[in-house]
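Below you'll find the structure, written out as structure tokens, and then a few comments.
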Amino acid sequence: MNTPTYDLAVVGFGFAGAAVALQAHRRGLHVGVVLDPHGNFPVASQVASGLINPLVLKRRRMVSDAKLAWEHAVDLFAWLEQTTRAQVFEPTPVAEHLATVQDDLDWNLLAERPGFAELLNSTTEANQNNCLKLNRLGFVRTSGRLLPLAYLEAARSVLERSIALGAVQRLAYNNGFWEAFEASGRLVLRTRKLVLCEGPRAPLTETYWGDLDWALVRGEGLDVHIPGLGLNLPIHARHFLLPDRAKGPDHYKVGATYAWDGLEDPQPTQAGREELESWLKSVVLLPYEVVNHWCGVRPARKSREVLVGWHPEHPGLGVLNGLGSRGGLLAPLKAHQLLVAMSAELDR
Ligand SMILES: Cc1cc2nc3c(=O)[nH]c(=O)nc-3n(C[C@H](O)[C@H](O)[C@H](O)COP(=O)(O)OP(=O)(O)OC[C@H]3O[C@@H](n4cnc5c(N)ncnc54)[C@H](O)[C@@H]3O)c2cc1C
């Protein structure tokens, strides 16, 4: 059988690989995808809560390029929904708990600051849900929830005919084409442009870009069932509690923790569960059942900078990695920028 040959291919199909592949497909490129079905490392994009929120609530600051990132994310999700007729994104305000009078005053001041006025509601409201021990709430308006599994599934369906299953172990550059090989030596695909989107375990990227200066962060979360809570938007009060409509009414996600240990073999821990349950009990007045406990690793770098671009010495080799805790929000914009840089290179 002939080896498939593409204009552009991605290695890795989390939020990074999916965004690059979809943005390239939208530009009319013939796009290939290498997807590893047997990876034994938890894939962050499959466990992410999926909040698309341009505000870092804990620090009351904006993600860099917040507005642009939001616009590109919403644009890509809407296009994917139109193309596949699957729902992948739920626009919804995110509510921030304002525990004290001072918090309320601070939020109101924040909402008046340049840039923030476009993201936040100008008024705060008293919590109306008697089952929640919360005081007042402020609202981020430009926010929503990406349904991670539905998103990846829909992205996969668009590219179905050019997906190669496998784990790439070695690359070679021959006559203007990148060739990707599995450990067995099988040639998986050939492509003019190859973009590495490996996430937190990135040996190929490190071969070409050197030390990525990782500051990886393990995160744990819970899936819980809380009959009668009737919460219909995500709330943040140190941790997040968000409706998980895909699982049915009264199902929620709780998370996520931040930990810097256990990165070699990431597993849910008793300490992580206790942290989340203790928080849940401090916020929710109803009994609950833990249905699932999961963990993943955020591909964050010490500099907090996303690694995106084309290699200065290896023609046609690109990367998108280091998306940290905001991959859902940032990947569509970063993928777009990568492709704009590619076109500029071709025009020279
Ligand atoms: C607990 C938790 C909660 C989070 N919540 C949110 C949130 O609410 N909102 C948000 O925006 N972000 C969130 N994030 C962050 C988000 O999940 C990450 O930023 C994003 O998933 C990173 O995507 P990625 O594609 O770079 O990496 P990954 O998701 O790790 O995907 C990399 C993929 O590449 C594959 N791969 C690697 N090497 C190869 C190879 N050689 N050959 C073939 N395939 C390969 C891997 O198997 C994997 O499938 C959360 C993360 C965690 C851990």
Side-chain angles (χ1 to χ4, degrees), residues 6-27 29 31-35 43-45 48 52 54 56 62-77 79 146 151-152 155 159 168 171 178 180 191-217 297-348:
Y6 298 101
D7 298 327
L8 180 148
V10 295
V11 172
F13 201 63
F15 290 164
V20 172
L22 290 175
Q23 298 286 40
H25 174 84
R26 290 174 80 187
R27 287 171 167 250
L29 299 183
V31 178
V33 171
V34 188
L35 188 154
V43 178
S45 306
I52 301 300
V56 183
M62 261 187 263
V63 172
S64 59
D65 291 332
K67 198 161 166 280
L68 254 192
W70 166 254
E71 286 167 3
H72 279 270
V74 170
D75 177 65
L76 181 63
F77 304 154
W79 173 84
L146 180 65
Y151 170 66
L152 294 173
L159 302 157
V168 176
L171 303 176
W178 284 96
T191 179
R192 285 193 183 280
K193 307 276 174 196
L194 183 72
V195 183
L196 300 174
C197 303
E198 297 171 280
R201 280 197 172 165
L204 294 172
T205 308
E206 278 161 353
T207 303
Y208 292 90
W209 270 267
D211 183 3
L212 299 184
D213 214 13
W214 283 127
L216 302 177
V217 189
V297 174
R298 303 170 180 92
R301 301 172 75 208
K302 283 188 193 133
S303 62
R304 300 282 173 243
E305 277 174 24
V306 174
L307 178 64
V308 59
W310 298 97
H311 199 286
E313 284 151 26
H314 295 280
L317 185 64
V319 64
L320 177 54
N321 207 329
L323 289 167
S325 56
R326 301 274 157 170
L329 172 68
L330 295 177
L333 169 65
K334 297 297 172 185
H336 166 77
Q337 290 171 339
L338 185 71
L339 294 167
V340 169
M342 181 184 88
S343 307
E345 186 69 19
L346 292 177
D347 289 346
R348 279 204 295 177

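Computation of the quantities below employed the complete heavy-atom set of this structure, encompassing side-chain atoms and omitting hydrogens, waters and symmetry-equivalent molecules.
- Interatomic distance, CD of Gln23 versus CG of Asp75, reported as 7.0 Å (0.5 Å rounding).
- Other residues, nucleotides and ligands contribute over 12 non-hydrogen atoms within 6.0 Å of the CZ atom of Arg27.
- Of all heavy-atom pairs spanning Phe15 and Ser45, the tightest one is N-OG, 2.8 Å.
- When atom types are taken as modelled, the side chain of Arg301 and the backbone of Leu212 share a donor-acceptor pair closer than 3.5 angstrom.
- Between Pro203 and Glu198 there is a side-chain heavy-atom pair separated by less than 4.5 Å.
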- Message: side-chain contact (heavy atoms from CB on, under 4.5 Å) for Leu329 and Leu323? Distances and angles first, verdict last.
- Response: CA-CA 9 Å; Leu329 172 68; Leu323 289 167; over 6 Å; no
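- A 4.5 Å side-chain heavy-atom check between Val297 and Arg201 finds every atom pair outside the cut-off.
- Here Asp213 contributes atom CG and Arg304 contributes atom CZ; the two are 10.5 Å apart, rounded to the nearest 0.5 Å.
- Between Trp310 and Leu338 the shortest heavy-atom distance is NE1-O, 2.9 Å.
- To the nearest 0.5 Å, the span separating SG on Cys197 from NZ on Lys334 amounts to 14.0 Å.
- The structure places CG of Asp65 at 8.5 Å from CG of Leu330, a figure rounded to the nearest 0.5 Å.
- Partners of Thr207 according to the side-chain contact (heavy atoms from CB on, under 4.5 Å) rule, which considers only residues two or more places apart in sequence or in another chain, do not exist here.
- Contact record, Trp178 with Arg192: CD1-O, 3.7 Å, taken as the closest heavy-atom pair.
- Considering every non-hydrogen atom in both Leu171 and Val168, the closest pair reads CD2-CG1, 3.7 Å.
- Heavy-atom minimum distance, Leu152 versus Ala18: CD2-CB, 4.1 Å.
- Partners of Phe77 by ring-ring contact (aromatic ring centres under 6.0 Å, His included), not counting sequence neighbours, listed by chain and number: Phe89, Tyr151.
- The minimum heavy-atom distance between Val31 and His25, with the atom names listed, is CG2-N, 3.6 Å.
- Partner of Thr205 under the side-chain contact (heavy atoms from CB on, under 4.5 Å) criterion, chosen from Val11, Leu317, Leu307, Leu320: Leu307.
- One finds the CD1 atom of Ile52 at 5.0 Å from the CG atom of Leu146 (value rounded to the nearest 0.5 Å).
- No donor-acceptor distance shorter than 3.5 angstrom exists from the side chain of His314 to the backbone of Tyr208, with no hydrogens or angles considered.
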- Item | CA sep, side-chain torsions, deciding dist, call: His336, Leu76, side-chain contact (heavy atoms from CB on, under 4.5 Å) | CA-CA 10 Å; His336 166 77; Leu76 181 63; over 6 Å; no
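- Asn321 contributes a side-chain N or O that, together with a main-chain N or O of Gly199, makes up a donor-acceptor pair within less than 3.5 Å.
- Expressed to the nearest 0.5 Å, how far CE of Met342 lies from CD of Gln337 amounts to 14.5 Å.
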